[in-house]
Each structure stands twice: as structure tokens, then as C-alpha cells.
Amino acid sequence: MAKTDQTDIVLLTLPGNEAQAEALATRLNCNAAPVLLHTFPDGETLVTVPEGLQDRCVILVCTLDHPDSKLAPLLFAADTARELGARKVGLVAPYLAYMRQDIRFAPGQAVSSRTFAAVLSRHIDFLATVDPHLHRNHALDPLFKLPCAAVAAAPAIADWIAQAVPKPLLIGPDSESEQWIAAVAKRLGAPYLVLEKTRRGDRDVSVSEIDAGAWAQHTPVLLDDILSTARTMIAAVQRLREAGLAAPICIAVHPILSGDALPSLMAAGAARVVSCNTISHSSNAIDVMPLIAAALTLHCLPAA
């Protein structure tokens, strides 16, 4: 593992990321300071970073849910830190947006992942994130062309399940979730199933039936990387309850949980909704900041 002079590191925290930055600062044994934002009546943003960045390794902490409003302040902060003498400027974005739009699904559509990565890459020197939603791009490096750490949340999720859930049966609500389900199940030595999803619209989703006979004594644990409207997870919860299984625990790596997603999940029959702290949310129960800190030290931070 590369040795790093931790006094050389400073975390700059964009609003809404304070808890994550404090946890990382503790792990990295460094200081965290806020990036101040002021929004003018015309919608423009004034960004102010702290002093004392000369020759420092600056790490911006900014999770990128609802990214359109966050991108401009993030880029202004990155460039200002560099102008004020920062030796390196990196980004911890526990949730990394726009990775799903990795091909043109219909004529004329933007391939957003390429553009988003290109824009960020012009302003940062390294990147750390958690379980980016990658499919046709199998790694971040070809997109970003800079040192990247894509942290897997599976170890933290498996540890939480091992402590909190008796006799778990892991269930993925669709085929895309299998990569996360399989990794967690392997660490636990637990069985897992993957359902099939049919999507007819953003809020119109159905999933395949399940034969519950062999799993009556297990606690169902539904796991997916992103919960946004949660319609896929809601359909899976309803299917499990119809099959006679116990109320499932729903786990998300990234809890966007927009609109009525959380109350709708509970109303569908979920026993509990739990998430990783990649996005600050009341459902946060699984801490992935130690994994991010370790990955930063190993892959991204400059050696002393």
C-alpha cells in the first residue's frame, strides 16, 4: 500500500456531503473544510473554497445524485483549488451519475456517460466512487483516463446482513442486479435468486413469479444498486408477498428514493429499507466510507 503524508491532504466538502467527509477525514487522518455556495437571484452560483491549499492534495467530496445542479459548483471548486496552488485535485463521488446511458438506445440520444466523464476528467486528477452502474463499459478507466477506484459495497453489505438478518435468502429484482447479489451471497455463503423484470415505463414494472416452497424458513433480502422511483423493487416485494414469503428487507447501494418511493416500498410490504451512505438518507445503515478511504490510499493518493 502506498504511504501517504496525511497532513498533505485536505477534504473540501460540497453541501450535503458533510457526514461522508467527516467519516473519510477520520479514516484518512486529515482535515475537512466546507465549500461555500451562494446562489444569486439569476441562478448563478458563487463558490468559495478555504485558504491554505498551496501544495496540498485536495479531495472534493460530492456525491452526484441530482447531478445537473451539482456539476457547475463542483467544477468551479476544482478549478479554484488548483488556481490557489493545490498540487492534486481529486473527487470522491460515492454515487456517480450518468453511467447508465452508455450507448444510444434510440436515434439522436446523447451518450451521456462519455460526455460526463470527459467533462469531469478535465478538472480532476483522480476519482473514487462506489459501485458505478457499468454495463457495456466494464471499468471506469477507459471513460475517465485517470486513476479511478470503483469501490465494491459488497463487503459492507455482507457484514451488515450477517449481523442483522437470520438465514438470509438474497434476491435480485432483475438480471442487472446479479453482479451485486452474487458477490454478497458468496461472502455470506447464502443462497440467492434473480428475478426477471419487464419494464413498460419509468413507473410501470413487473417481475417474474417465484416458487417459494423451498425458502419458507428464510428471510428474503432484496438487493439492488440504485433505488430511484423503486418501482422494480416494489414489484419484487409484492411478488414475494404474494408467494407467501416473509416481508423482505430491501437494501440499496445508492438510495436516491425520489418522490414517494420509500413510503410506497413500505406500503408494498417491505419489512425495512436499508441503504449504504453513498447518498445521505434516513435509510442509511451501512457505512462504506472505510472502503472508500482504503481504496483512496491504495489507488489514488500520491505517495509521500
**Student:** I'd like to know if the side chain of R187 and the backbone of A156 have a donor-acceptor N/O pair within less than 3.5 Å.
**Tutor:** no
**Student:** Hey, does the side chain of S113 reach the backbone of Q101 with a donor-acceptor pair shorter than 3.5 angstrom?
**Tutor:** yes
**Student:** Using every non-hydrogen atom in the two residues, find where M99 and L143 come nearest and quote the distance to one decimal.
**Tutor:** SD-CD1, 4.0 Å
**Student:** Please step through side-chain contact (heavy atoms from CB on, under 4.5 Å) for the pair L170 and L188, ending with a clear verdict.
**Tutor:** CA-CA 10 Å; L170 300 182; L188 286 171; 4.2 Å; yes
**Student:** Once rounded to the nearest 0.5 Å, what's the spacing between atom CG of L127 and atom CG of D141?
**Tutor:** 9.5 Å
**Student:** Would you check if the side chain of R104 reaches a backbone N or O of Q109 as a donor-acceptor pair within less than 3.5 Å?
**Tutor:** yes
**Student:** Can you tell if the side chain of L71 reaches within under 4.5 Å of the side chain of L120, non-hydrogen atoms only?
**Tutor:** yes
**Student:** Taking a hydrophobic cluster as the set of Ile, Leu, Val, Met, Phe, Trp and Tyr residues connected by side-chain heavy atoms closer than 4.5 Å, whether directly or through intermediates, do I249 and V184 fall within one such cluster?
**Tutor:** yes
**Student:** Less than 4.5 Å apart, any side-chain heavy atom of D131 and any of H254?
**Tutor:** yes
**Student:** Hey, what do you get for CG (L222) to CG (L195), rounding to the nearest 0.5 Å?
**Tutor:** 7.0 Å
**Student:** Is it the case that one hydrophobic cluster holds both I226 and W180, taking links as side-chain heavy atoms less than 4.5 Å apart, direct or via other members?
**Tutor:** no
**Student:** Which heavy atom of Q179 sits nearest to which heavy atom of L134, and what is that distance?
**Tutor:** NE2-O, 4.0 Å
**Student:** Is any side-chain heavy atom of P255 closer than 4.5 Å to one of L227?
**Tutor:** no
**Student:** Check the hydrophobic clustering (I, L, V, M, F, W, Y; side-chain heavy atoms under 4.5 Å; chains of links allowed) and say if M289 and I279 are grouped together.
**Tutor:** no
**Student:** With no hydrogens and no angle check, is any side-chain donor or acceptor of T115 less than 3.5 Å from a backbone partner on S112?
**Tutor:** no
**Student:** Any chance CD of Q217 has more than 12 other-residue heavy atoms, nucleotides or ligands included, within less than 6.0 Å?
**Tutor:** no
**Student:** Please report the shortest heavy-atom distance between R241 and P248, naming the atom on each side.
**Tutor:** CD-CD, 3.9 Å
**Student:** Does the side chain of Y95 come under 3.5 Å of the side chain of D225 through a donor N or O and an acceptor N or O?
**Tutor:** no
**Student:** Among L240, T232, V237, which residue satisfies the side chain to side chain contact (heavy atoms under 4.5 Å, CB included) criterion with P173?
**Tutor:** T232
**Student:** Looking at every heavy atom in both V253 and V130, which two are closest together, and how far apart are they?
**Tutor:** CG1-CG1, 4.0 Å
**Student:** Please check if L64 and I256 belong to a single hydrophobic cluster, counting links between Ile, Leu, Val, Met, Phe, Trp and Tyr side chain heavy atoms closer than 4.5 Å.
**Tutor:** no
**Student:** Counting only N and O atoms by type, is there a donor-acceptor contact under 3.5 Å from the side chain of S275 to the main-chain atoms of A252?
**Tutor:** no
**Student:** Walk me through it: do S258 and T229 pass the test side-chain contact (heavy atoms from CB on, under 4.5 Å)?
**Tutor:** CA-CA 6 Å; S258 59; T229 65; 4.1 Å; yes
**Student:** Drop me the distance from R272's CZ to I251's CD1, to the nearest 0.5 angstrom.
**Tutor:** 9.0 Å
**Student:** List the atom of A261, the atom of I234, and the distance in Å for their closest heavy-atom pair.
**Tutor:** O-CD1, 4.4 Å
**Student:** Say you draw a straight line from CG of L12 to CG of L36; how long is it, rounded to the nearest 0.5 Å?
**Tutor:** 10.5 Å
**Student:** Going through the checks in order, is the side-chain contact (heavy atoms from CB on, under 4.5 Å) test met by D68 and Y98?
**Tutor:** CA-CA 10 Å; D68 293 6; Y98 283 118; 2.6 Å; yes
**Student:** Would you kindly say whether N17 and T13 are connected by a side-chain donor-acceptor distance under 3.5 Å?
**Tutor:** no
**Student:** Would you say the side-chain atoms of D125 pair up with the backbone N or O of V89, donor to acceptor, closer than 3.5 Å?
**Tutor:** yes
**Student:** So, taking the atom named CG in N29 and the one named CZ in R27, what distance separates them when rounded to the nearest 0.5 Å?
**Tutor:** 12.0 Å
**Student:** With the side chain counted from C-beta on, respond yes when V288 and N277 share a heavy-atom pair under 4.5 Å apart, and no when they do not.
**Tutor:** yes
**Student:** Do you reckon V273 sits in the same ILVMFWY cluster as M233, going by side-chain contacts under 4.5 Å, direct or chained?
**Tutor:** yes
**Student:** Flag the pair E18 / P34 as yes when at least one side-chain heavy-atom distance between them is below 4.5 Å, and no otherwise.
**Tutor:** no
**Student:** If we ignore hydrogens and angles and just use 3.5 Å, is the side chain of D79 paired with the main-chain N or O of R82 as donor and acceptor?
**Tutor:** no
**Student:** So K70 and T63, do their side chains get closer than 4.5 Å, heavy atoms only?
**Tutor:** yes
**Student:** Could you go through the side-chain contact (heavy atoms from CB on, under 4.5 Å) check for L140 and L96 one step at a time?
**Tutor:** CA-CA 11 Å; L140 289 173; L96 186 62; 3.9 Å; yes
**Student:** Would you say L262 and S282 make side-chain contact, with heavy atoms under 4.5 Å?
**Tutor:** yes
**Student:** Of all heavy-atom pairs between A153 and C276, which one has the smallest distance, and what is that distance?
**Tutor:** CB-SG, 4.1 Å
**Student:** Can you confirm whether F126 sits close enough to I59 that some side-chain heavy atom of one is under 4.5 Å from a side-chain heavy atom of the other?
**Tutor:** yes
**Student:** How far does CD1 of I9 sit from OG1 of T297, to the nearest 0.5 angstrom?
**Tutor:** 6.5 Å
